[in-house]
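A quick write-up on the structure given underneath.
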Amino acid sequence: MMVQIAVCTHVHIQPRLSPTPSPISLSFSCRTPKFETKRNKTWKTQAVKLGAITASASASISGSGSLNSTACEQLVPGNDAKKKRVFFLDVNPLCYVGSTPSLRSFGHWVSLFFSQVSHSDPVIAVLDGEGGSEHRRQLLPSYKAHRMKFLRQLSASQRFSRGHVGKSHGVIMDVFRKCNVPVIKLEGYEADDVVATLAGQVLQRGYRVVIASPDKDFKQLISEDVQIVMPLAELDRWSFYTLKHYIAQYDCNPCCDLSLSKYEMQFGCIVGDDVDGVPGIQHLAPGFGRKTALKLLKKHGSLENLLNAAAVRTVGRQYAQDALTKYADYLRRNYKVLALRRDVDVQLKEEWLVKRETHNDSTTLYNFFKLLEGTKKLTHQSHGSYFSNG
């Protein structure tokens with residue numbers, strides 16, 4: 001296994017400048033930079049409906065509201081406002097506007113992230129490894145197959161690596177190095193699994209975790225000590241998604257039934273996930289749609305509970321009963337594909353948890369955008385370069 005880890009070796013302090021200095025006029029896209037556009041539209045709608053919290057310097061984990069039962073307190077760590085935060089930055093989605101790679105998009109969201117969200121809190125950037133998730137493709141060959149097809153269709157001169165940052169990998173790494181952010185990239189693993197593994201190690205050390213990503217799969221990790229902060233293009237800011245939002249969205253309490261913290265993922269096991277190329281069972285069992293899946297999951301609490309119950313008694317109408325017993329292995333395979341792994345061979349380093357030196361942020365990003373402006377004409381003239389500066 002190849003492990004790439006970039007860490008800063010020194011700090012060069014320069015005068016602080018604004019993230020987008022006046023000498024250069026920059027026009028940022030207002031579309032959310034996400035390869036999976038369908039998934040991201042759902043995220044944006046959910047965030048607006050739930051009143052996502054504005055990211056600010058004083059942002060902290062939301063209280064649990066009505067979660068006051070003794071059982072809940074035992075299952076979920078208390079929300080200690082004194083706990084320090086550690087941020088995980090899911091880099092790859094920020095490098096896209098729709099399906100088009102964009103360095104400007106990366107720079108825009110990273111600039112807002114540093115200035116509005118993380119400030120001097122520790123940040124660990126994570127990139128998808130080369131080859132993506134091999135174990136998922138072994139389980140399900142169609143997993144993200146449409147993305148692999150998209151890459152194969154690019155000409156040899158246009159193709160960027162399956163790590164999705166391709167030819168601009170060095171530029172991105174340089175920005176993080178100068179901003180004192182370690183970068184983790186493991187061959188054969190998606191960033192999601194690396195983040196899930198490292199987040200568990202951070203929690204064990206008594207910190208709170210904030211995952212910066214538009215990927216809804218991270219809701220599997222949500223708790224009082226784990227938040228998500230996602231980029232909302234229509235508001236041009238990062239916004240928090242907390243345990244409170246989760247409960248409001250799903251009308252369930254993950255601390256009283258831990259399996260429900262994976263509710264949306266388990267729902268996807270039954271109805272499928274078009275974004276990731278995971279088929280549901282509708283084509284195998286006509287009539288077994290979203291309403292049926294929702295009703296049965298809420299009643300039984302988890303997919304595994306539902307399948308176990310269906311194996312010994314009738315849990316619904318005959319078509320649902322037949323589907324759950326006949327395709328139980330099919331659904332369990334979907335679960336293995338969609339569930340985040342937390343056993344990746346990566347170890348947290350203590351130096352990643354120290355307060356981040358921020359003095360270089362503005363100067364680094366200023367120079368980054370200046371570089372984009374300077375190479376813009378060359379980029380437009382070069383038909384062989386696929387990675388856009390716009």
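If you're wondering where the values come from, they're calculated on a predicted model, not measured in any experiment. Start at 1 with the first residue, then count along the sequence.
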Salt bridge or not for E350 and R205, using N-O below 4.0 Å?
yes
Only counting residues at least two apart or in another chain, list the ones meeting ring-ring contact (aromatic ring centres under 6.0 Å, His included) with F114.
none
May I ask you to test the V315-L306 pair for a side-chain heavy-atom distance under 4.5 Å?
yes
Hey, what do you get for OH (Y335) to CD (Q266), rounding to the nearest 0.5 Å?
5.5 Å
Taking atom types as modelled, find out whether T242 and H245 have a side-chain donor-acceptor pair closer than 3.5 angstrom.
yes
Check for a donor-acceptor pair, side chain of Q282 on one end and backbone N or O of F288 on the other, with a separation under 3.5 Å.
no
Which pair of heavy atoms, one from S213 and one from I228, lies closest together, and at what distance?
O-CG2, 3.7 Å
Knowing that exactly one of Q220, K219, M265 qualifies, which makes a side chain to side chain contact (heavy atoms under 4.5 Å, CB included) with L340?
Q220
Would you check if there is a donor-acceptor pair between the side chains of H300 and N308 at a distance under 3.5 Å?
no
Close side-chain approach of L371 and L103, heavy atoms under 4.5 Å:
no
R356 vs C179, side-chain contact (heavy atoms from CB on, under 4.5 Å): CA-CA, chis, key distance, verdict:
CA-CA 8 Å; R356 188 177 68 87; C179 291; 3.9 Å; yes
Report the distance from atom CZ of R177 to atom OG1 of T364, rounding to the nearest 0.5 Å.
8.5 Å
Has N92 got a side-chain atom pairing as donor or acceptor with L127's backbone, closer than 3.5 angstrom?
no
Going by salt bridge (Lys or Arg N to Asp or Glu O under 4.0 Å), name the pairs with one or both residues in residues 303-319, residues two or more places apart or in two chains.
E304-R332
Apply the test side-chain contact (heavy atoms from CB on, under 4.5 Å) to residues I184 and I124: give CA-CA distance (whole Å), side-chain angles for both, the deciding distance (0.1 Å), then the verdict.
CA-CA 8 Å; I184 315 300; I124 302 171; 3.8 Å; yes
Would you name the heavy atoms of A328 and L307 that are closest together and state the gap between them?
O-CD1, 3.9 Å
Please find out if less than 6.0 Å separates the ring center of Y241 from that of F218.
no
Could you tell me whether a side-chain N or O of Q321 sits under 3.5 Å from a main-chain N or O of A310, the two making a donor and an acceptor?
yes
Taking L94's backbone N and O only, do any of them form a donor-acceptor pair with S105's side chain (distance below 3.5 Å, no angle check)?
yes
For the residue pair S302 and N305, confirm or rule out a side-chain donor-acceptor distance under 3.5 Å.
yes
Of V110, V175, T363, which meets side chain to side chain contact (heavy atoms under 4.5 Å, CB included) against F368?
V175
Side chain T197, main chain D193, donor-acceptor under 3.5 Å
yes
With ring centroids as reference points, do F106 and F176 lie under 6.0 angstrom apart?
yes
Test side-chain contact (heavy atoms from CB on, under 4.5 Å) on V91 and V126; report intermediate values, then the result.
CA-CA 6 Å; V91 178; V126 185; 5.9 Å; no
dist S118:OG -> F113:CZ (nearest 0.5 Å) comes out at 4.0 Å
Drop me the distance from D128's CG to L186's CG, to the nearest 0.5 angstrom.
11.0 Å
Minimum heavy-atom separation for I281 to A323, with atom names?
CD1-CB, 4.1 Å
With heavy-atom distances below 4.5 Å as the criterion, would you say the side chains of D215 and D192 are in contact?
yes
Quick one: does Y327's side chain get under 4.5 Å of N334's, heavy atoms only?
no
With side-chain contact (heavy atoms from CB on, under 4.5 Å) as the test, would you mind laying out the steps for K349 and W352 before giving the verdict?
CA-CA 6 Å; K349 295 186 178 182; W352 299 348; 3.7 Å; yes
Within the structure provided, determine whether L365 and K178 are in side-chain contact (heavy-atom separation under 4.5 Å).
no
Write down the atom of Q201, the atom of L348, and the distance for their closest heavy-atom approach.
OE1-N, 2.7 Å
Non-hydrogen atoms of L331 and I270 that approach each other most closely
CD2-CA, 3.9 Å
Output the distance between atom OG (S223) and atom CG (L243), rounded to the nearest 0.5 Å.
7.0 Å
Rounded to the nearest 0.5 angstrom, the CG-CZ distance for L198 and F88 is 5.0 Å
NZ/NE/NH1/NH2 to OD/OE distance under 4.0 Å, E373 and R104:
yes
Would you call D225 and R208 a salt bridge, using N to O less than 4.0 angstrom?
no
Worked verdict on K185 versus E130 for salt bridge (charged side-chain N to carboxylate O under 4.0 Å, His left out):
CA-CA 8 Å; K185 179 182 177 183; E130 301 296 331; 2.9 Å; yes
Distance-only donor-acceptor check, side chains Y319 and T292, under 3.5 Å:
yes
Do you know the tightest heavy-atom contact between I172 and C95?
CD1-SG, 3.7 Å
Could you tell me whether D329 and R333 make a salt bridge, using a distance below 4.0 angstrom between a side-chain N and a carboxylate O?
no
Quick check: does any side chain N or O of T325 sit under 3.5 Å from a backbone N or O of A311, one acting as donor and the other as acceptor?
no
Do the non-hydrogen side-chain atoms of K84 and K355 ever get within less than 4.5 Å of each other?
no
With a 4.5 Å heavy-atom cut-off, do D90 and V195 have their side chains touching?
no
So, do P122 and V354 sit near enough that their side-chain heavy atoms are less than 4.5 Å apart?
no
